[in-house]
Amino acid sequence: MTTILYTLLSVAYAATGVIGVLAYWPTIRDLYHHKKKSANISSYVLWTWTTCIAFLYALFIIPDTLLILASGFQFLACLVVLMLSVNLSRDK
């Protein structure tokens, strides 16, 4: 019974990680292709720092591959949005 629960939780966690990263796609598309300012830089500075800390915690403290991948992709997505937002604000 616990094996089934662990498997279901692992699959659900992986799915939420993928969905979470895909949720950044519209913002990335707006910033990159449409040059539309659709992200608040102050918010993304905070989100990027928090996802960076979560990623580093997963990497060094809790060596769990699924957690490392999910938090790493989340950090990368935040970082991409932040970088695109900063570049777009410099151009204008």
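Across all non-hydrogen atoms, the minimal contact from K36 to L31 is O-CD2, 3.5 Å. When all heavy atoms are compared, the tightest approach of P26 to A23 is CD-O, 3.3 Å. Residues V45 and L82 approach most closely at CG2-CD1, 3.8 Å, considering heavy atoms. The heavy-atom pair separating G20 from Q74 by the smallest distance is C-OE1, 4.0 Å. In plain terms, the two heavy atoms of S85 and A39 that are nearest each other are OG-CB, 3.3 Å.
Using a 4.5 Å cut-off between side-chain heavy atoms of Ile, Leu, Val, Met, Phe, Trp and Tyr, V11 forms no hydrophobic cluster with any other residue. Hydrophobic clustering, defined by side-chain heavy atoms of Ile, Leu, Val, Met, Phe, Trp and Tyr closer than 4.5 Å, groups L79 together with F55, L56, L59, F60, I68, F75, M83. Side-chain heavy-atom separations under 4.5 angstrom define the hydrophobic clusters, and the remaining members of the one that includes F73 are V21, L69. Taking a 4.5 Å side-chain heavy-atom cut-off between Ile, Leu, Val, Met, Phe, Trp and Tyr, the cluster of L66 extends to Y13, Y57, I61, I62, L67.
Taken from CD1 in I28 to OG in S38, the straight-line distance is 9.5 Å, to the nearest 0.5 Å.
Under the rule for a ring pair (Phe, Tyr, Trp, His ring centres under 6.0 Å), Y24 has no partner lying at least two apart in sequence or in another chain. Judged as a side chain to side chain contact (heavy atoms under 4.5 Å, CB included), and not counting sequence neighbours, the contacts of H33 are R29.
For residues 41-54, there are no side-chain hydrogen bond (donor to acceptor under 3.5 Å, both in side chains) pairs, not counting sequence neighbours.
Cation-pi check for K35 over Y32 is met; the charged atom lies under 6.0 angstrom from the ring centroid and within 45 degrees of its normal.
The neighbour count for I4 CD1, taken as heavy atoms of other residues, nucleotides or ligands under 6.0 Å away, does not exceed 12.
Criterion: ILVMFWY side-chain heavy atoms under 4.5 Å apart, direct or through other members. Under it, W25 and I19 are not part of a common hydrophobic cluster.
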